[in-house]
Amino acid sequence: MKQNSRVVILGGNSFVASSLINLLKKNKINFLPIFKKNVDLTNTSSIQKLSKVLRKNDILVFISAIAPVKNFKMLIQNLDMCKNVFSVLKKKKIDYLLYVCSDAVYSDSIKPITEQSETKPENLHGFMHLMREDILKLLNMKLCIVRPTLVYGSNDTHNGYGPNQFIRLAQSKKDLSLFGKGEERRDHIHVNDVGIAIYFLISKKYTGTVNLVTGSVNSFFKIAKKIKDIYKVKLSYLKRKGPMPHNGYRAFDNALLKKILPNKTNFTDVLQWLESKEKYKKK
């Protein structure tokens, strides 16, 4: 990054932003987190506020979203956010933009998903992110789109079904519940690996689309059982009310990510990460 560069983060208090901010601090990079209380991107007043903040040499990291999108009201709110950011960047030229999207834009596939895989979202959340991508591409500027899969780690704000939720329940001495038999196999990426990837991409001003994935899958059962054994809680099973998400399998090929990240051949394995938490707990 140039000495006069500054990283501006939309969604400065988000889970992903926390990891990126730690790296920016460590490497003494000038940055500015933008919070909703100061600039509410759902409101048109944000256009003028953000225009005053941004500078020509800024790197903008767009993480902010109301997620996951569960209804049309949330869909419209997220598109309004993007529309307001677009309005600013159409007039206020900056150096580079990185948009944090989601793997939800991809169609289900029995083969590992790559950056070239079909993008036909199965839900409103994926549809929202794909629309945002298309809108931002109209800016014709240096743009990188990252599509992380399920992100886990300490201090997660979403508390979604998976490692984060299971650990919180177990730490509160509450039993864990799995849908079906927990047989769904998914790719889980640690928040620190996401932060490292984003930091490198903005440092090199990489343009294009990159999946932030580990390239391996684990079942929810394996993850929940590991947590159950660590915290000595019970594990129960819930009858599904609908079809299994993604037909129970959603794997990714991370060849591109490994190619563009220097000296990064291994990513944090969720089961090994849980093992480290067990060691910490025993101290």
Side-chain angles (χ1 to χ4, degrees), residues 10-11 13-17 36 39-44 46 61-87 89 97-139 143-152 156-165 178-180 184-189 191 194 198 209-213 217 220 238-252:
L10 299 180
N13 59 350
S14 70
F15 183 41
V16 170
K36 182 179 179 180
V39 181
D40 183 354
L41 293 175
T42 63
N43 195 306
T44 53
S46 64
V61 179
F62 185 0
I63 304 176
S64 187
I66 302 171
V69 177
K70 297 180 179 179
N71 51 54
F72 282 97
K73 179 181 178 181
M74 294 177 72
L75 172 66
I76 297 302
Q77 287 176 318
N78 277 287
L79 293 180
D80 280 343
M81 294 168 72
C82 188
K83 178 191 70 175
N84 292 333
V85 172
F86 178 89
S87 297
L89 297 182
L97 170 64
L98 182 141
Y99 176 60
V100 179
C101 186
S102 166
D103 78 300
V105 301
Y106 290 112
S107 310
D108 288 333
S109 172
I110 59 174
K111 296 180 180 180
I113 294 168
T114 72
E115 286 78 4
Q116 287 73 45
S117 294
E118 181 181 55
T119 52
K120 286 188 178 179
E122 306 287 334
N123 51 51
L124 288 176
H125 184 70
F127 182 67
M128 176 275 290
H129 272 299
L130 192 58
M131 288 188 70
R132 276 182 162 195
E133 283 189 14
D134 290 339
I135 290 169
L136 295 174
K137 286 176 182 176
L138 295 174
L139 291 167
L143 170 66
C144 180
I145 294 169
V146 296
R147 295 169 175 167
T149 188
L150 299 176
V151 183
Y152 71 94
D156 168 50
T157 55
H158 289 105
N159 199 37
Y161 178 76
N164 298 314
Q165 184 188 93
L178 288 172
F179 292 112
E184 296 169 62
R185 290 180 294 160
R186 300 287 297 275
D187 191 320
H188 297 79
I189 188 166
V191 66
V194 172
I198 293 175
T209 300
V210 185
N211 293 333
L212 303 189
V213 295
V217 294
F220 285 104
L238 303 172
K239 185 177 180 180
R240 295 185 186 279
K241 295 182 181 180
M244 191 185 306
H246 308 296
N247 298 313
Y249 180 74
R250 196 162 174 84
F252 293 84

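The chain is numbered in sequence order, starting from 1. Treat the numbers as computed from the prediction; the structure is a model and nothing was measured.
Side chain of Asn164 to main chain of Val151: a donor-acceptor pair is present (N/O by atom type, distance under 3.5 Å, no hydrogens or angles). When atom types are taken as modelled, the side chain of Asn71 and the backbone of Met74 share a donor-acceptor pair closer than 3.5 angstrom. Panel note: side chain Thr119, backbone Val105; no donor-acceptor pair is recorded below 3.5 Å.
One finds the SG atom of Cys101 at 10.5 Å from the CZ atom of Phe62 (value rounded to the nearest 0.5 Å). Atoms CG and CG, on Asp103 and Asp187 in that order, are 8.5 Å from each other to the nearest 0.5 Å. Of the inter-residue distances, the one linking Ile135 atom CD1 with Leu89 atom CG reads 12.5 Å to the nearest 0.5 angstrom. Annotation: the span from Ile145 atom CD1 to Tyr99 atom OH amounts to 8.5 Å, rounded to 0.5 Å.
Taking all atoms of both residues into account, the shortest heavy-atom contact from Gly11 to Ala17 is O-CB, 3.3 Å. Counting all heavy atoms, side chain and backbone alike, Thr42 lies closest to Asp80 at O-CB, 4.3 Å. Heavy atoms only, all atoms of each residue included: Gln165 and Gly160 are closest at CB-O, 3.1 Å. Of all heavy-atom pairs spanning Leu10 and Val85, the tightest one is CD1-CG2, 3.8 Å. The minimum heavy-atom distance between His125 and Ala67, with the atom names listed, is CE1-CB, 3.5 Å. Nearest heavy-atom pair across Arg132 and Ser64 is NH1-O, 2.9 Å.
Aromatic ring centres of Phe220 and His188: separated by under 6.0 Å.
Taking the side chain as every heavy atom from C-beta outward, Leu79 and Met131 approach each other to under 4.5 Å. Arg250 has its side chain within reach of Ile113: a pair of non-hydrogen atoms, C-beta onward, lies under 4.5 Å apart. The shortest distance between side-chain heavy atoms of Thr114 and Ser117 falls below 4.5 Å. Using a 4.5 Å cut-off on side-chain heavy atoms (C-beta onward), Glu133 and His129 make no contact. Considering only heavy atoms from C-beta on, Leu212 comes within 4.5 Å of Ile198 through its side chain.
For the pair Arg147 and Tyr106, the cation-pi test (distance below 6.0 Å, angle within 45°) is passed.
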Show, in sequence, the C-alpha distance, side-chain angles and deciding distance for Lys36 and Leu41, and conclude whether the side chain to side chain contact (heavy atoms under 4.5 Å, CB included) test is met.
CA-CA 7 Å; Lys36 182 179 179 180; Leu41 293 175; over 6 Å; no
Test Ile189 against Val213 for side chain to side chain contact (heavy atoms under 4.5 Å, CB included), laying out the working first.
CA-CA 6 Å; Ile189 188 166; Val213 295; 5.6 Å; no
For His246 and Glu184, what are the C-alpha separation, side-chain angles and deciding distance, and is it a side chain to side chain contact (heavy atoms under 4.5 Å, CB included)?
CA-CA 8 Å; His246 308 296; Glu184 296 169 62; 5.8 Å; no
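In the displayed structure, Tyr249 atom OH is contacted under 6.0 Å by more than 12 heavy atoms of other residues, nucleotides or ligands.
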